[in-house]
Peer 1: 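Here it is, the structure, as structure tokens.
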Amino acid sequence: MVRGRNCDRSKSQLTTAKDTKESSQILAQVLDIKGRLQLAQSKAEDALDTWRVSLDIYAKIGDERAVLQNRINQAQALQTLGFYRQAEKTLRESTQILQSQPNSPVKVAALHSLGNVVQVTGDLETSRQILQQSLEGASSLQDQQAIADIFLSLGNTARVQQDTQTAIKYYQQTINTATSPTTRIQAQANQIRLLLKTKQLSAFQTLSSEIKTQLNDLPISRTAISARINFAQSLMQFRKETAADTDSWLDIAQLLATAIEQAKSLQDRRTESYAIGVLGQVYEQTQQWSDAQNLTQQALLIAQAIDAKDIGYQWEWQLGRLLKIKGDTKGAVAAYTEAVNNLQALRSDLVAVNSAVKFSFREEVEPVYRELVDLLLQSPGNTQVSSENLEKASNTIELLQIAELENFFRNNCLNAQIRNPKKDPKAAIIYPFILPDRLEVILQLPQQRWLHYSTPVVEKEVETTLKQLQENLLKPHTLRQVQSLSQKVYKWLIQPAEAALAESKTPTLVFVLDGWLRNIPMAALYDGKQYLVEKYNIALTPSLQLIEPKPSEKEFKVIAAGLSEASSGFFALPNVKLELEQIRSQVPSSILLNQEFTSKALQNRINSLPFPIVHLATHGQFSSKAEETFIVAWDERIYVKKLNELVRTLEQNRPEAIELLILSACQTAAGDEQAALGIAGVAFQAGARSTIASLWNLDDPSTAVLMSQFYQELGNKNLTKAEVLRRAQLALLQNPNYQRPRFWAPYVLLGNWL
């Protein structure tokens, strides 16, 4: 009897446990649906909170498949909120678990989300690979809508890679495949932008008509509203570029007015702010200044209320432009300054913005800094620009340089390194800045004295002169042209300050260079009798906020690696062997030559030997794109982003950075206005305090001669690094075989010059 009662009780407990599990599962599923609704209504924070509750329930009842789906949902909410790194971590953990499992909708969704996140955080090639893997999974499941969504993501990645034709192809595949009208309209809105960019105007107009007929039938969602705004912006651009009146400004304004109403109905403040701000741009275009300003201020107030700095800065910038037109320079400077402050606050999240307002650095970030500098340096009625404005302008130039570097990496790799600059009492800092109608120069002398001068020369002439100089510097028989062109640049940058520099007795000039100027060695500027290197030590810095000039107290030992034989499709560098032998004869050295110089061997050597100098005599290329900036080891190209893994592991063993990184056979990518940005990229990714690199490569014994002299001088503790490089360059300049700038000019010192 007792046994029977116990048996009944056990059955009852099992039934109760089963019921409890089922009811928990139902509750969790209801919460999942609630979270999806909240996300669709642009309430990402609420969705995240809801999904965290359902995750706890799934974890307690042991439903692993539901746990994974839930984590993918959470990652979507994190992306919407701009927390891309967190989303990436969540998705990587989930996809790792799913890799060994067969294809399933959960696996496809996880890979798709991860591909999107990785695209935003900047690893575009990896994004493409992950999305392709997701596409294969969706194809095997024959899930048409998932396939279309992945095509859309592949198109977005190709667009960011500036592979426009491939992006258009993927968008067309999305349009052909999508079962959801919202996905289709997103692809069309993105495709039409690219058709305009590639001047396919009749295709643009055909697609424009298609989009118009579909817009009003879309269910209201943030995605649909964003596509509407995106389409309105394309129509604005089309009107500006073609002066066609197929769509009146009134039609465009009506599109945006509908977007505003729809955003209000969803209580989506962020999208509402964006739509109002873009409507302000329409009024700016039609020169209805007062209405434009009112709308811009409305958009700005909403952005400030929800702390959306990534769109708030755009309305500050817009307000600055409008105030400038009204002649309110003081108000314009204040608005621009606020826009820059917002960008600085955003620094680590410049890439982490809602896809509807994702911006191009060159078009939507850089001009804010440039236009502020322009305003600060204007001198009404030929009055002197105040020291306060000169200091603000130079600081803005430095902030732009840091933003450019971060955009190069598409992440906030420099965050930890920003510091208040310490001044070297013996160096003059020179900030040349190229504006559309003039070339500005700000000069800070050692005694904290500011100078400012300007040359009325249009940007196109500056660019043409610098391009011609760069081309002629590399040629063997163009000395006269080089001297003539470099004298012209000297007159712009140095001549107005000659007397002040002589009076200050400064031995060192530190340049913070802009645009095409970065590709020109300042050492080769010519005054008609002498080159600049004959008078001054010369260094470059992207920003004084990124370096702390201080002398090294370490004993100089070198890890030197090089390729003298042809490798990885690059020609042989026969003089590299001699270069490394001469280094070994002058400084304690650890050498890796040819087959010994693999990326792994270099990593092991750097981590095991506490040598402060790393010297790489090998092919390499500097570019304004991280994916095209690399140095060549025997076994592979080491791309700039991998350098971090290669050399930063040393932090586990020793905290100090590489004191000096020397790259002696690399070159800047031809025709790339900002190619020398890659030198700064390599320097900071390697954590080097000082870097010496060559702007172009000469397969010539002159490199071995210069490096031999450099290491000889480096032993003198009384000399700064800038002085050591100058002496090595002068040794070539004074050698009858190597007097032309093409031999001694390409070497530049970036970073700590002491």
Peer 1: One thing to verify: whether E659 and K721 come together as a salt bridge, which I'm taking to mean a side-chain N less than 4.0 angstrom from a carboxylate O.
Peer 2: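 Answer for the salt bridge query: yes.
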
Peer 1: Under 3.5 Å, side chain of R584 to main-chain N/O of S589, donor-acceptor pair present?
Peer 2: no

Peer 1: With Y738, which residues qualify under ring pair (Phe, Tyr, Trp, His ring centres under 6.0 Å), at least two apart?
Peer 2: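 For Y738, the residues satisfying ring pair (Phe, Tyr, Trp, His ring centres under 6.0 Å) (neighbours in sequence not counted) are F743.
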
Peer 1: Under the rule for side chain to side chain donor-acceptor pair (under 3.5 Å), what residues qualify as partners of E471, not counting sequence neighbours?
Peer 2: none

Peer 1: Would you say that Q545 contacts L399 through its side chain, given a criterion of any heavy-atom pair below 4.5 Å between the two side chains?
Peer 2: yes

Peer 1: Can you confirm if the NZ or CZ of K642 lies within 45° of the ring axis of F630 and under 6.0 Å from the centre of its six-membered ring?
Peer 2: no

Peer 1: For L443 and A428, which heavy atoms make the closest approach, and how far apart are they?
Peer 2: CD1-CB, 4.0 Å

Peer 1: Looking at E673 and R362, is there a salt bridge between them, counting it only when a charged N and a carboxylate O are closer than 4.0 Å?
Peer 2: yes

Peer 1: Could you walk me through whether Q161 and T166 pass the side-chain contact (heavy atoms from CB on, under 4.5 Å) check?
Peer 2: CA-CA 10 Å; Q161 286 180 306; T166 302; over 6 Å; no

Peer 1: Is the closest side-chain heavy-atom distance between Q586 and V558 below 4.5 Å?
Peer 2: no

Peer 1: Please check if the side chain of T508 supplies one atom and the backbone of N537 the other of a donor-acceptor pair under 3.5 Å.
Peer 2: no

Peer 1: When rounded to the nearest 0.5 angstrom, what is the spacing between CG in L706 and CD in E579?
Peer 2: 9.0 Å

Peer 1: Can Q444 and S394 be counted as having a side-chain donor-acceptor contact under 3.5 angstrom?
Peer 2: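 The criterion, which ignores hydrogens and geometry beyond distance, is not satisfied for S394 and Q444.
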
Peer 1: Is there a donor-acceptor contact under 3.5 Å from the side chain of S504 to the main chain of L501?
Peer 2: yes

Peer 1: Does some side-chain heavy atom of T464 sit less than 4.5 Å from a side-chain heavy atom of Q468?
Peer 2: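 SC-SC contact between Q468 and T464 confirmed.
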
Peer 1: Under the 3.5 angstrom rule, does the side chain of N519 hit a backbone N or O of D672 as a donor-acceptor pair?
Peer 2: yes

Peer 1: With sequence neighbours left out, write down each residue that passes side chain to side chain contact (heavy atoms under 4.5 Å, CB included) with A601, or none if nothing qualifies.
Peer 2: L592, T598

Peer 1: Does the side chain of L733 come within less than 4.5 Å of L730's, by heavy atoms?
Peer 2: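 In contact.
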
Peer 1: Between L643 and A686, which heavy-atom pair has the shortest distance, and what is it?
Peer 2: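 In terms of heavy atoms, the two residues are closest at CD1-CB, 4.5 Å.
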
Peer 1: Nearest 0.5 Å, what's the NZ-OG distance between K488 and S486?
Peer 2: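 K488 atom NZ to S486 atom OG measures 12.0 Å (nearest 0.5 Å).
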
Peer 1: Can you see whether E713 engages Q709 through a side-chain donor-acceptor pair at a distance of less than 3.5 angstrom?
Peer 2: yes

Peer 1: Using side-chain heavy atoms (C-beta onward) and a distance below 4.5 Å, is R689 in contact with I547?
Peer 2: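 Sidechains of I547 and R689: no contact.
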
Peer 1: Treating Q595 as the side-chain partner and W634 as the backbone partner, does any N or O pair qualify as donor plus acceptor under 3.5 Å?
Peer 2: no

Peer 1: How long is the gap from CG on L525 to CD on Q495, to the nearest 0.5 Å?
Peer 2: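 Nearest 0.5 Å value for the CG-CD distance: 12.0 Å.
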
Peer 1: Does D514 pair with R370 as a salt bridge, N-O distance under 4.0 Å?
Peer 2: yes

Peer 1: So I559 and L609, do their side chains get closer than 4.5 Å, heavy atoms only?
Peer 2: yes

Peer 1: For the atom pair OG1 (T478) and CG (L469), what is the distance rounded to the nearest 0.5 Å?
Peer 2: 9.5 Å

Peer 1: Taking everything shown except K717 itself, do over 12 heavy atoms lie less than 6.0 Å from its NZ?
Peer 2: yes

Peer 1: What's the verdict on side-chain contact (heavy atoms from CB on, under 4.5 Å) for V682 and I631, showing C-alpha distance, side-chain angles and the deciding distance?
Peer 2: CA-CA 9 Å; V682 169; I631 51 176; 5.6 Å; no

Peer 1: Within the supplied structure, the quantity of interest is the number of heavy atoms (other residues, nucleotides, ligands) at a distance under 6.0 Å from K426 NZ; does it exceed 12?
Peer 2: no

Peer 1: Could you give the distance from OG1 (T541) to CG (L750), rounded to the nearest 0.5 Å?
Peer 2: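 That separation rounds to 6.0 Å.
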
Peer 1: Stepwise, does the side-chain hydrogen bond (donor to acceptor under 3.5 Å, both in side chains) test hold for E498 with Y490?
Peer 2: CA-CA 10 Å; E498 275 177 337; Y490 179 91; 2.5 Å; yes

Peer 1: Just by distance, with hydrogens left out, do Y747 and T703 show a side-chain donor and acceptor under 3.5 Å apart?
Peer 2: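 Per modelled atom types, Y747 and T703 side chains form a pair under 3.5 Å.
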
Peer 1: Indicate whether any N or O donor in one side chain lies under 3.5 Å from an N or O acceptor in the other, for T198 and T164.
Peer 2: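 T198 vs T164: no donor-acceptor pair found between side chains.
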
Peer 1: Sort out for me which residue in L517, T455, I434 forms a side-chain contact (heavy atoms from CB on, under 4.5 Å) with W492.
Peer 2: T455

Peer 1: Please say whether more than 12 non-hydrogen atoms of neighbouring residues, nucleotides or ligands are located less than 6.0 Å from NZ in K169.
Peer 2: yes

Peer 1: So which atom in S599 and which in I638 form the shortest heavy-atom distance, rounded to 0.1 Å?
Peer 2: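 The answer is CB-CD1, 3.8 Å.
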
Peer 1: For the NZ atom of K535 and the OG1 atom of T506, what is their distance to the nearest 0.5 Å?
Peer 2: 13.0 Å

Peer 1: Taking ring pair (Phe, Tyr, Trp, His ring centres under 6.0 Å) as the definition, give me every residue that meets it alongside F570, ordered by chain and number, with sequence neighbours left out.
Peer 2: H619

Peer 1: Closer than 3.5 angstrom, by distance alone: can the side chain of S623 be matched with the main-chain N or O of K625 as a donor-acceptor pair?
Peer 2: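 Looks like yes, one N/O pair under 3.5 Å.
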
Peer 1: Quick one: closest heavy-atom pair of W753 and T720, and the distance?
Peer 2: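 Residues W753 and T720, closest heavy atoms: O-CB, 3.3 Å.
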
Peer 1: Tell me, do L405 and L546 make a side-chain contact under 4.5 Å, heavy atoms counted?
Peer 2: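 Sidechains of L546 and L405: in contact.
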
Peer 1: Going through the checks in order, is the side-chain contact (heavy atoms from CB on, under 4.5 Å) test met by L573 and N697?
Peer 2: CA-CA 10 Å; L573 294 165; N697 171 37; 3.8 Å; yes

Peer 1: Taking ring pair (Phe, Tyr, Trp, His ring centres under 6.0 Å) as the cut-off, I'd like each qualifying pair that reaches into residues 509-538, sequence neighbours left out, listed once.
Peer 2: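 The answer is Y526-Y531, Y531-W744.
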
Peer 1: Is the backbone N or O of A704 less than 3.5 Å from a side-chain atom of N575, with the two atoms forming a donor-acceptor pair by type?
Peer 2: no

Peer 1: Identify whether NZ of Lys or CZ of Arg in R605 sits under 6.0 Å from the centre of the six-membered ring of F597 and within 45° of that ring's axis.
Peer 2: no

Peer 1: Are the side chain of S585 and the backbone N or O of Q582 linked by a donor-acceptor pair below 3.5 Å?
Peer 2: yes

Peer 1: What are the two closest non-hydrogen atoms of L479 and R740, and how far apart are they?
Peer 2: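 Closest approach of L479 to R740: CB-NH1, 3.5 Å.
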
Peer 1: Does E404 come within less than 4.0 Å of R518, counting only side-chain N to carboxylate O?
Peer 2: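 A salt bridge is present here (some side-chain N lies under 4.0 Å from a carboxylate O).
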
Peer 1: Which pairs count as ring pair (Phe, Tyr, Trp, His ring centres under 6.0 Å) when at least one residue sits in residues 694-726, sequence neighbours excluded?
Peer 2: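 Qualifying pairs, neighbours excluded: H615-Y711.
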
Peer 1: Short question: side chain of E398, backbone of S543 - any donor-acceptor pair under 3.5 Å?
Peer 2: no

Peer 1: Do you know which two heavy atoms are closest between I679 and A693, and how far apart they sit?
Peer 2: CG2-CB, 3.8 Å

Peer 1: For I613 and K557, run side-chain contact (heavy atoms from CB on, under 4.5 Å): C-alpha distance rounded to whole Å, both residues' side-chain angles, the deciding distance at 0.1 Å, then the answer.
Peer 2: CA-CA 6 Å; I613 300 176; K557 293 180 178 178; over 6 Å; no

Peer 1: Would you say the side chain of E366 lies within less than 4.5 Å of the side chain of L400, judging by non-hydrogen atoms?
Peer 2: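 Result yes, sub-4.5 Å side-chain heavy-atom pair found.
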
Peer 1: Just by distance, do the side chain of S127 and the backbone of G115 share a donor-acceptor pair under 3.5 Å?
Peer 2: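 Yes; at least one donor-acceptor contact below 3.5 Å.
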
